[in-house]
Amino acid sequence: MPGAKDDNRIGDFSLLPRIVTRNGTAVFVVRVAKQLPGYQPEALVAQRDGVLEKIVANGDPVPVPDGEGRLLNISQYVAVDDGVLIMGTFARRKTAFWYWDFSKLRLVVAEGTEMPVGEFDCKIRSLESTTMDMNTEGLALFRASMFGNNCRYGGIVGWDRQSDRLLAIALNRTPIQDGSSLYFQSTTGDARVSDGGHIALHAGIFDSDGSPGAMDSTLWQPDAGGDSQILIDKQAQLPDAPELKLTHAIHDSGMAPSNRNELLHFVRNHHDRIILRTRIDTSPVHQVVAHTGTTVDDSTSARIGTGHLNRNGEVVFVSYVDDGRRGGSYQQELWLSQRDAPLQAIARRGDVIVGRDTDTIERIEFYNQSHEPRMFSTQGGRMRQISDDGAVLFAGRLQTGTRRPNALFVTRF
Amino acid sequence: MRLRRSRRSLLAFGLALMMFSACGGSDTTSPGTLAIAVIGESAPGLDEGYLFEGFATEYGMGASGQVIFQGSANVKNGGPRERKTAMR
């Protein structure tokens, strides 16, 4: 195993992501045979050009604010061609982010790191993994709360790799349009960044008189730290579907900015999910991609699930349709939305497998740990299951003779 | 459509992490669905005699079409697993 120690062996499954970057570098966690007392035997590794390299393992020395500590565990990571941003903990369960540039690991930020905000001397109180993202230009985003004398900030913090500076992207009380301001609570604060540097985020809005306004809005920043523009809140009207009254946005990775001033995101109409394609111009223009009741061929969607966006603005998403069996069960189909083209189904039960003329898709199973749909994208540094050249990866079951084994499929559209 | 299977797979204790490339070749533009890994079947990236027996639930695709997934593989006759660390 070139580049890795002989006593590190690959193995075990993990719920952490398996990421492939644009140039084909794979980043993933492995279980290692080398056991340090008190540490889970796990390491983060990268495979690039056929060479496997260890990035960091639990128990390894890592840079910390006061010198050197030991990594307790790896909790999340994102990866692009130039490097990997790693979230983990070190002594006394303090959380930090480190950046690995394929040669060395450097500390980005840790709980306790000083971060001046305006005239206030703030320090990072806590860091969260849910918002973590990084684009190919080296702009990273994460959620943080702060403390300090008169410092009561929290929200989305950025890190610019080139300047090695922390950036206030969107914090509590940041003024936005018409005298209103942002606020973040536990149900908001998701943020994503495109490779072009566009940022989409969820936040609440305080009205100009200081009273709570829209608790849940989706906002857009054309550049990191620039003015935030409200794209949508529950007062928004959808011109092509005026009957759909919005109730709120969906969190937990439910949005993906493209690099063309465009956002794909989920919103809700009570319990139903809607996928919107929002084009950002002088004012946002919303187009409904699909919602409960949308029909393709002879299939009607009973629910919309996880979506996948690529650089061309193509979106593949899960549509749950009645499978015709008793009991009201549903099967998943994959539907494709392209700009200015009608929806089409690209994978469904019964489709014949290329090269296996008697075998068909028996079931599509997009696994999702969360109850909310996720929106994957080829932008940024998170795991994705779609390519820019028109392929999507999914799991399911194959019908082959009388067998129905689990399988992994790639559909090209 | 054709998948070019890279010769990059990792085996240890019958566990495999494999990368495939879903790009390249003139026949890759035609639409359709390919089964790239099936339980109970072999695959070009696996060692001789090994069959897939399980897949992890998190798997990824690169923007250029590479696929990464982690699975377990066992020998066809159900005999003892080889303890092996390999990258090809």
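Lettering of chains follows the sequences in order, A, B, ..., and the numbering in each one begins at 1.
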Of all the heavy-atom pairs spanning [X] and [Y], show the shortest one and how long it is.
X         : Y         : value
Arg22(A)  : Ala63(B)  : NH1-CB, 3.4 Å
Ala26(A)  : Ile68(B)  : CB-CD1, 3.5 Å
Gly62(B)  : Ser387(A) : O-CB, 3.6 Å
Phe413(A) : Pro31(B)  : CA-CB, 4.3 Å

Requested in this report: Could you go through the side chain to side chain contact (heavy atoms under 4.5 Å, CB included) check for Leu408(A) and Phe55(B) one step at a time?
Outcome: CA-CA 9 Å; Leu408(A) 291 172; Phe55(B) 302 124; 4.2 Å; yes

Portion of [X] that has a non-hydrogen atom of chain B nearer than 4.5 angstrom:
X         : value
Asp359(A) : neither
Asn310(A) : neither
Arg397(A) : neither

**Report entry** Side-chain heavy atoms of Arg18(A) within contact of Phe69(B), under 4.5 Å
**Finding:**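 SC-SC contact between Arg18(A) and Phe69(B) ruled out.
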
Query raised in the report: Between Tyr59(B) and Ala395(A), is there a donor-acceptor pair closer than 3.5 Å when you use the side chain of the first and the backbone of the second?
Result: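 Yes, Tyr59(B) side chain to Ala395(A) backbone: donor-acceptor pair under 3.5 Å.
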
Report task. Measure from the side-chain N and O atoms of Gln66(B) to the backbone N and O of Val20(A), and report whether any donor-acceptor pair falls under 3.5 Å. Result ->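 Judged by distance alone, no pair lies under 3.5 Å.
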
Query raised in the report: Sequence neighbours excluded, which residues qualify as side chain to side chain contact (heavy atoms under 4.5 Å, CB included) partners of Gln399(A)?
Result: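 For Gln399(A) the side chain to side chain contact (heavy atoms under 4.5 Å, CB included) partners, ignoring immediate neighbours, are Thr360(A), Glu362(A), Arg404(A).
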
Atom pair [atom1]/[atom2] of [X] and [Y] - distance to nearest 0.5 Å:
X         : Y         : atom1 : atom2 : answer
Met383(A) : Glu58(B)  : CE    : CD    : 4.0 Å
Ile361(A) : Thr33(B)  : CD1   : OG1   : 4.0 Å
Glu41(B)  : Thr400(A) : CD    : OG1   : 6.0 Å
Ile36(B)  : Leu393(A) : CD1   : CG    : 5.5 Å

Report task. Using side-chain hydrogen bond (donor to acceptor under 3.5 Å, both in side chains) as the criterion, list what pairs up with Ser337(A), not counting sequence neighbours. Result ->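 With sequence neighbours excluded, Ser337(A) shows a side-chain hydrogen bond (donor to acceptor under 3.5 Å, both in side chains) to Arg277(A), given in chain and number order.
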
Query raised in the report: Step by step, would you call Arg356(A) with Val38(B) a side chain to side chain contact (heavy atoms under 4.5 Å, CB included)?
Result: CA-CA 12 Å; Arg356(A) 305 171 66 124; Val38(B) 180; 4.0 Å; yes

Query raised in the report: Between Leu34(B) and Phe409(A), does a side chain to side chain contact (heavy atoms under 4.5 Å, CB included) hold up when you go through it step by step?
Result: CA-CA 6 Å; Leu34(B) 196 72; Phe409(A) 302 95; over 6 Å; no

